[in-house]
Amino acid sequence: MYSKKVMDHFTNPRNMGEIKNPDGEGEVGNPVCGDLMKIYIKVESKDKQEMIKDIKFQTLGCGSAIATSSMVTELAKGKNLKEAQEISRDDVANELEGLPPAKMHCSNLATDALKKAIKDYYSKK
Ligand code: FES
């Protein structure tokens, strides 16, 4: 049911953990399944651009939620905030070589948490 890449990110998640004193953090929950996800970002200004220097996630949820969180952090790391904000759930699913249709909502959680973290960063500035 899951692609090899989903299994890889699920069993060996990248960037899992917490950032102390993050520049932005975003938490989202899925009211249907009860899963929770939190994303932390550290932002660095470089060549007049605000880049995601570090990013970590904590997820209490299903395998897809963990795999999509892991993939979102990989996609966002090193990008500027505008590019990171544009990462869509389809980008995440494509990078993971597909998600079962019933699991697409799990990838929403990851992209929504990232958007919230970026918003939080701007609101603190
Ligand atoms: Fe809840 Fe996947 S089933 S996020």
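As the structure lists them, so they are numbered: ligands from 1, and atoms in each ligand from 1.
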Check: If you look at every heavy atom in Lys77 and Lys53, which pair is closest and at what distance?
Finding: CE-O, 3.9 Å
Check: Can an N, O or S atom be found in Cys33 less than 2.8 Å away from atom 1 (Fe) of ligand 1?
Finding: yes
Note to self: Any heavy atom of Lys103 closer to ligand 1 than 4.0 angstrom?
What the structure shows: yes
Check: If we only count heavy atoms from C-beta on, is the Lys116 to Ile118 side-chain gap below 4.5 Å?
Finding: no
Next item on the list: Flag the pair Lys20 / Tyr40 as yes when at least one side-chain heavy-atom distance between them is below 4.5 Å, and no otherwise.
Entry: no
Notebook entry, point to check: Do you know which N/O/S atom name in Asp35 is closest to atom 1 (Fe) of ligand 1?
Noted result: OD2
Checklist line | Ligand-side contact atoms (ligand 1) for residue partner Cys62, heavy atom cut-off under 4.0 Å | finding: 2 (Fe), 3 (S), 4 (S)
Check: Got a salt bridge between Asp112 and Lys119, using NZ or NE/NH1/NH2 to carboxylate O under 4.0 Å?
Finding: no
Next item on the list: For ligand 1, indicate whether the residue Leu109 contacts it via side chain, backbone, both or neither (heavy-atom separation under 4.0 Å).
Entry: side chain
Next item on the list: Considering non-hydrogen atoms only, spot the tightest contact between Ile41 and Leu114 and give its length.
Entry: CG2-CD1, 4.4 Å
Next item on the list: Kindly give the heavy-atom pair with the smallest separation between Thr59 and Ala65, and that separation in Å.
Entry: CG2-CB, 3.9 Å
Item checked: Numbered atoms and elements of ligand 1 in range of Cys106, under 4.0 angstrom, heavy atoms -> 2 (Fe), 3 (S), 4 (S)
Note to self: Need the ligand 1 atom indices (1-based, order shown) with element for anything under 4.0 Å from a heavy-atom of Ala65.
What the structure shows: 4 (S)
Next item on the list: Output the list of atoms in ligand 1 that are nearer than 4.0 Å to some heavy atom of His105, sorted by atom number.
Entry: 1 (Fe), 2 (Fe), 3 (S)
